[in-house]
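The structure appears below as structure tokens.
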Amino acid sequence: MKVISTIAELKADLALAHENGKTIGLVPTMGALHEGHASLVRRSVEENDVTVVSIFLNPTQFNDKTDLAKYPRTLEADCRLLEQYGATIAFAPSVEEIYPEPDTRQFSYPPTDSVMEGAFRPGHFNGVCQIVSKLFMMVEPDRAYFGEKDFQQIAVIRRMVDDLGFCLQIVPCPVVREESGLAMSSRNTLLTDAERQTASHIYQALRRSREWMEQESLENVRQRVVAEINAVDGLEVQYYSIVDGRTLADVSDWNESDDIVGCITVYCGSQPIRLIDHIRYKG
């Protein structure tokens with residue numbers, strides 16, 4: 001596996017692959033890799049001749065600079081893992097390499113990028129679109145792999161791909177969970193063992209809520225999920241939205257759509273750490 005830090009070297013290395021008609025898979029990451037990332041890399045390796053994994057902690061998608069400062073950075077360990085996973089190239093550029101000048105491009109895809117994370121993290125999805133579009137232009141992949149834990153992010157990226165006319169396939173991959181049910185996330189490394197156990201209550205409540213929907217209204221289920229999680233010491237729900245899985249617009253009735261997803265963000269622990277998850281009710 002090659003570790004590359006410049007755009008010029010990346011493009012030069014991929015030029016021959018493009019010329020020879022080899023398929024290229026891209027797995028964009030911010031590092032601090034875990035088994036969830038491994039599942040994306042393995043799938044790309046299975047489905048493509050070349051797999052590029054980017055490791056770049058993108059500052060433009062952090063509206064909270066404190067959050068950016070405490071995000072885990074484990075480049076050496078990440079590269080060792082990627083070699084084991086079978087990646088062809090680890091692309092680990094500096095901020096200056098990616099943004100020699102400020103990226104002033106503005107992306108807007110309401111309601112997909114204006115609800116939930118878009119409402120609580122202004123500018124977040126604009127930053128996501130900036131970096132992902134740059135990576136798509138640099139790598140020119142046939143397929144790009146994203147974890148479904150970031151459910152809203154995938155929806156926004158699909159809108160961007162349609163808008164900018166990228167010729168590639170977006171491949172969503174299932175959430176990988178810890179034994180407790182907690183969705184794997186790089187942020188989990190910032191939790192203590194006790195906080196990790198506390199955080200497992202998030203998915204437990206979401207999973208139980210599937211049973212409640214048989215007897216209760218959508219709004220009652222939403223409120224019950226929030227109340228049950230907030231009753232756990234060390235957890236505080238920022239939002240729980242039940243939305244159409246395609247448009248991400250709020251739904252108010254179980255019969256309103258054939259694709260319904262519950263998306264949640266919860267603060268956990270004393271720091272606190274912001275965790276996201278989702279559950280599919282229909283579709």
Side-chain angles (χ1 to χ4, degrees), residues 27-43 53 55 57-58 61-82 84-85 116-117 120-121 124 145-154 172-212 222 224-241 261-280:
V27 182
T29 84
M30 293 203 297
L33 303 184
H34 51 70
E35 188 57 33
H37 296 109
S39 70
L40 308 183
V41 177
R42 291 190 192 106
R43 181 158 176 187
V53 181
I55 302 173
L57 189 54
N58 177 41
Q61 69 190 69
F62 284 82
N63 63 315
D64 181 349
K65 299 309 177 187
T66 302
D67 192 23
L68 173 61
K70 66 186 181 185
Y71 200 91
R73 294 162 169 81
T74 57
L75 179 58
E76 289 186 12
D78 292 344
C79 289
R80 287 196 298 270
L81 288 172
L82 289 179
Q84 293 174 20
Y85 300 158
M116 300 187 296
E117 293 297 281
F120 285 93
R121 299 178 69 187
H124 169 67
Y145 298 80
F146 296 89
E148 287 187 328
K149 181 180 74 69
D150 297 300
F151 183 82
Q152 185 175 7
Q153 175 177 273
I154 294 174
C173 299
V175 178
V176 177
R177 298 186 179 277
E178 298 183 3
E179 192 174 336
S180 67
L182 176 63
M184 286 195 174
S185 168
S186 300
R187 296 174 190 273
N188 293 358
T189 61
L190 302 174
L191 299 171
T192 66
D193 289 343
E195 288 169 344
R196 265 177 126 109
Q197 192 56 43
T198 297
S200 69
H201 289 278
I202 299 168
Y203 186 60
Q204 290 171 22
L206 292 177
R207 194 170 51 188
R208 281 193 294 273
S209 71
R210 278 187 178 147
E211 302 168 7
W212 306 337
R222 193 193 68 78
R224 190 170 171 184
V225 167
V226 172
E228 183 161 318
I229 293 174
N230 282 343
V232 178
D233 188 33
L235 296 182
E236 182 181 353
V237 175
Q238 184 177 45
Y239 68 81
Y240 184 47
S241 297
V261 178
C263 298
I264 197 163
T265 292
V266 181
Y267 286 106
C268 177
S270 55
Q271 292 193 42
I273 305 303
R274 195 171 182 274
L275 304 173
I276 64 173
D277 207 340
H278 71 279
I279 192 88
R280 184 171 290 281

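The figures here come from the full heavy-atom set of this structure, side chains too, leaving out hydrogens, waters and symmetry mates. Just so you know, residue 1 is the first one in the sequence shown, and it goes up from there.
Every residue meeting the salt bridge (Lys or Arg N to Asp or Glu O under 4.0 Å) condition with Arg224, not counting sequence neighbours, appears here in chain and number order: Glu216. Residues passing the side-chain hydrogen bond (donor to acceptor under 3.5 Å, both in side chains) test with Gln271, sequence neighbours excluded: none. Evaluation of the salt bridge (Lys or Arg N to Asp or Glu O under 4.0 Å) rule for Arg280 yields Asp259 as partners, not counting sequence neighbours. Qualifying side chain to side chain contact (heavy atoms under 4.5 Å, CB included) partners for Arg208, counting only residues two or more places apart in sequence or in other chains: Gln204, Ala205, Trp212, Glu228. Under the salt bridge (Lys or Arg N to Asp or Glu O under 4.0 Å) criterion, Arg207 pairs with no residue, sequence neighbours left out. For Phe146, the ring pair (Phe, Tyr, Trp, His ring centres under 6.0 Å) criterion is met by no residue, not counting sequence neighbours.
With respect to Asp277, the salt bridge (charged side-chain N to carboxylate O under 4.0 Å, His left out) criterion is satisfied by exactly one of Lys149, Arg187, Arg177: Arg177.
Separation of atoms OG1 (Thr29) and CG (Leu40) is listed at 9.0 Å; rounding is to 0.5 Å. Within the model, atoms SG of Cys173 and CZ of Arg43 stand 4.5 Å from one another, a figure rounded to the nearest 0.5 Å. Atoms CG and CD, from Leu81 and Glu76 in turn, are 12.0 Å apart once rounded to the nearest 0.5 Å. For the atom pair CD (Gln153) and CE (Met116), the distance works out to 12.0 Å, reported to the nearest 0.5 Å. Note: Arg80 CZ to Leu33 CG = 11.5 Å, rounded to the nearest 0.5 Å. His201 contributes atom NE2, which lies 9.5 Å from atom OG of Ser180 (distance to the nearest 0.5 angstrom).
The backbone N or O of Ala77 lies less than 3.5 Å from no partner atom in the side chain of Thr74, so there is not a single donor-acceptor pair. Under the 3.5 Å distance criterion, the side-chain polar atoms of His37 are matched with a main-chain donor or acceptor of His34. With hydrogens and angles ignored, the 3.5 Å screen pairs no side-chain donor or acceptor of Asp78 with any backbone N or O of Ile55. Between the side chain of Ser186 and the backbone N or O of Ala32 there is at least one donor-acceptor pair closer than 3.5 Å. Under the 3.5 Å distance criterion, the side-chain polar atoms of Asn63 are left unmatched by any main-chain donor or acceptor of His124.
Scanning both residues, Cys263 and Tyr240, for their nearest heavy atoms gives O-CD1, 3.3 Å. The shortest heavy-atom contact between His278 and Val175 is CE1-CG2, 3.7 Å. Shown here for Ala199 and Leu191, the closest heavy-atom pair between the two residues is CB-CD1, 4.3 Å.
Salt-bridge annotation for Arg274 and Glu117: present, with a side-chain N of the basic residue lying under 4.0 Å from a carboxylate O of the acidic one.
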Checklist line | Verdict with reasoning, Ile264 to Ile229, per side-chain contact (heavy atoms from CB on, under 4.5 Å) | finding: CA-CA 11 Å; Ile264 197 163; Ile229 293 174; 3.5 Å; yes
Next item on the list: Decide yes or no on side-chain contact (heavy atoms from CB on, under 4.5 Å) for Ile279 and Arg210, but give the supporting numbers first.
Entry: CA-CA 8 Å; Ile279 192 88; Arg210 278 187 178 147; 3.6 Å; yes
Next item on the list: Kindly indicate, with the supporting measurements, whether the criterion salt bridge (charged side-chain N to carboxylate O under 4.0 Å, His left out) is fulfilled by Arg42 and Glu35.
Entry: CA-CA 10 Å; Arg42 291 190 192 106; Glu35 188 57 33; 2.6 Å; yes
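Taking the six-membered ring where tryptophan is involved, the planes of Tyr71 and Phe62 are perpendicular, since the angle between them exceeds 60° and thus also 30°.
Proximity of Phe151 to Val261: side-chain heavy atoms (C-beta onward) are separated by under 4.5 Å at one or more points. Between Thr265 and Leu275, the closest side-chain pair of non-hydrogen atoms is not below 4.5 Å. In this structure, the side chains of Leu235 and Asn230 stay at 4.5 Å or more apart for every pair of heavy atoms. When side chains are defined from C-beta on, Ser241 does not count as touching Arg222, because their heavy atoms never get closer than 4.5 Å. Using a 4.5 Å heavy-atom cutoff, the side chains of Gln61 and Met30 are in contact. Contact of the Glu148 side chain with the Ile154 side chain is registered, since non-hydrogen atoms from C-beta on lie closer than 4.5 Å. Proximity of Asp67 to Arg121: side-chain heavy atoms (C-beta onward) are separated by under 4.5 Å at one or more points.
With a 6.0 Å radius and a threshold of 12 heavy atoms from other residues, nucleotides or ligands, Gln197 has its CD atom at or below the threshold.
Judged purely by distance below 3.5 Å, without hydrogens or angles, the side chains of Glu178 and Asn188 pair a donor atom with an acceptor atom.
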